[in-house]
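Below is one structure, written out as structure tokens; comments come after it.
What's counted below: heavy atoms across the whole structure, side chains too, no hydrogens, waters or symmetry copies. Residue numbers count from 1 along this sequence. Treat the numbers as computed from the prediction; the structure is a model and nothing was measured.
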Amino acid sequence: KVFASRGWKENEIQISYSKLVYVPFYFFNFDIAVEGAPAISGKACINANSGEINDILPNVLDKPLQKTAVVDDKAEVETTVVAMAEAKETALVKVMTQVGVKKEFINITTLSKYYLPFHRYWINFGGRPMKIELEAALGIPLGLEQIPGKKHGWDESTSEVITKMANPI
């Protein structure tokens with residue numbers, strides 16, 4: 001749907017590779033208390049492999065999902081690069097840079113590690129490869145913002161004009 005909304009046709013898109021991957025995340029809650037401003041509480045997570053912060057994925061833990069300790073043989077499990085000992089400090093710095101508040105005003109709590117399943121796709125379109133990920137529990141897509149709009153060719157532009165002219169307002 002996203003590709004189509006940006007002008008790409010189904011026959012121009014090919015999935016060249018797909019894989020189920022379990023990605024480690026540190027989930028945490030944070031509180032921000034700055035004098036003279038209302039307190040802010042929130043939740044976020046850090047990808048324990050890449051160190052990237054995400055404030056959408058914590059919603060996964062609010063859903064009644066079945067947890068498992070067994071991984072499918074065909075799936076890949078990403079390594080943990082950010083150790084638990086560094087995760088709290090990393091979370092603190094990430095929140096600090098996102099909200100623009102000094103770290104002494106931020107408190108990180110309830111740090112816990114979970115592996116989330118992702119369907120990782122390598123898609124070829126318009127002569128270029130691109131990685132798209134789909135969080136498997138809730139279907140949250142990641143990486144769609146990098147899909148560019150396609151410029152229309154002569155045939156497509158002419159067809160659009162004729163269609164518009166057939167139904168004048």
Side-chain angles (χ1 to χ4, degrees), residues 1-3 6 13-126 128-149:
K1 287 181 181 179
V2 174
F3 278 98
R6 300 202 181 145
I13 304 163
Q14 292 180 315
I15 297 175
S16 62
Y17 177 78
S18 68
K19 181 106 179 152
L20 177 62
V21 180
Y22 287 88
V23 181
F25 285 91
Y26 292 110
F27 289 81
F28 60 91
N29 292 328
F30 61 89
D31 299 302
I32 301 172
V34 178
E35 191 175 319
I40 299 171
S41 294
K43 54 187 173 179
C45 63
I46 293 177
N47 182 319
N49 179 272
S50 68
E52 296 171 348
I53 194 165
N54 188 303
D55 55 357
I56 297 171
L57 290 178
N59 296 323
V60 171
L61 297 183
D62 293 339
K63 304 296 180 192
L65 300 171
Q66 182 179 358
K67 296 176 185 158
T68 182
V70 180
V71 176
D72 184 338
D73 290 343
K74 296 175 185 173
E76 179 182 318
V77 178
E78 282 194 344
T79 58
T80 298
V81 175
V82 179
M84 179 68 97
E86 350 170 60
K88 192 170 187 174
E89 182 64 25
T90 302
L92 185 65
V93 170
K94 296 286 186 177
V95 171
M96 179 185 75
T97 56
Q98 275 199 338
V99 297
V101 174
K102 292 181 182 179
K103 59 184 183 175
E104 55 265 15
F105 299 117
I106 303 169
N107 185 33
I108 303 292
T109 58
T110 62
L111 190 69
S112 54
K113 183 179 178 185
Y114 292 96
Y115 287 82
L116 295 183
F118 281 83
H119 292 288
R120 187 168 289 162
Y121 299 97
W122 283 96
I123 298 174
N124 290 318
F125 66 98
R128 65 182 118 191
M130 174 185 191
K131 180 174 81 171
I132 303 268
E133 294 183 322
L134 184 65
E135 189 279 322
L138 297 179
I140 300 170
L142 301 175
L144 298 180
E145 67 281 351
Q146 60 186 327
I147 299 171

Reported CD1-to-CE distance for the pair Ile108 and Met96, which is rounded to 0.5 angstrom | 11.0 Å

Begin with the C-alpha distance, continue with both residues' side-chain angles, and end with the deciding distance and a verdict on side chain to side chain contact (heavy atoms under 4.5 Å, CB included) for Phe27 and Val60.
-> CA-CA 10 Å; Phe27 289 81; Val60 171; 5.5 Å; no

Nearest heavy atoms of Ala75 and Lys19, plus distance in Å = C-CE, 4.5 Å

Might you point out which heavy atoms bring Ile46 and Ala87 nearest each other, and give the distance in Å?
-> CD1-O, 4.1 Å

What's the shortest heavy-atom distance between Ser16 and Asn124, and which atoms?
-> CB-ND2, 3.4 Å

Spacing of Trp122 atom CH2 and Arg120 atom CZ [to the nearest 0.5 Å] = 8.5 Å

Does Tyr26 reach the main-chain N or O of Met84 with its side chain, forming a donor-acceptor pair under 3.5 Å?
-> yes

Nearest heavy atoms of Phe118 and Glu133, plus distance in Å = CD2-CB, 3.9 Å

First locate atom SG of Cys45, then atom CG of Leu61, and finally report the distance between them rounded to the nearest 0.5 Å.
-> 8.0 Å

Shortest non-hydrogen contact between Phe25 and Val23, atoms and distance = CD1-O, 3.3 Å

Verify side chain to side chain contact (heavy atoms under 4.5 Å, CB included) between Val99 and Ile40, making sure each step is shown before the conclusion.
-> CA-CA 11 Å; Val99 297; Ile40 299 171; over 6 Å; no

What do you reckon, is CD of Gln14 surrounded by more than 12 foreign heavy atoms closer than 6.0 Å?
-> no

Correct closest heavy-atom pair for Ile106 and Val101 would be CD1-O, 4.0 Å

Under 3.5 Å, which donor-acceptor pairs link side chains of residues 48-57 to any protein atom two or more places apart or in another chain?
unit_1: Asn49; atom_1: ND2; unit_2: Thr79; atom_2: O; d: 2.8
unit_1: Asn49; atom_1: ND2; unit_2: Thr79; atom_2: OG1; d: 3.4
unit_1: Ser50; atom_1: OG; unit_2: Asn47; atom_2: ND2; d: 3.4
unit_1: Ser50; atom_1: OG; unit_2: Glu52; atom_2: N; d: 3.3
unit_1: Asn54; atom_1: OD1; unit_2: Ile56; atom_2: N; d: 2.7
unit_1: Asn54; atom_1: OD1; unit_2: Leu57; atom_2: N; d: 2.9

Before giving the answer on side chain to side chain contact (heavy atoms under 4.5 Å, CB included), spell out for Leu20 and His119 the whole-Å C-alpha distance, their side-chain angles and the decisive distance to 0.1 Å.
-> CA-CA 5 Å; Leu20 177 62; His119 292 288; 3.9 Å; yes

Would you indicate whether the side-chain heavy atoms of Asn59 and Lys43 approach each other to under 4.5 Å?
-> yes

How many angstroms lie between CG in Asp31 and CG in Asn107, if you round to the nearest 0.5 Å?
-> 6.0 Å

Side chain to side chain contact (heavy atoms under 4.5 Å, CB included) between Val34 and Lys102, intermediate numbers included = CA-CA 9 Å; Val34 178; Lys102 292 181 182 179; over 6 Å; no

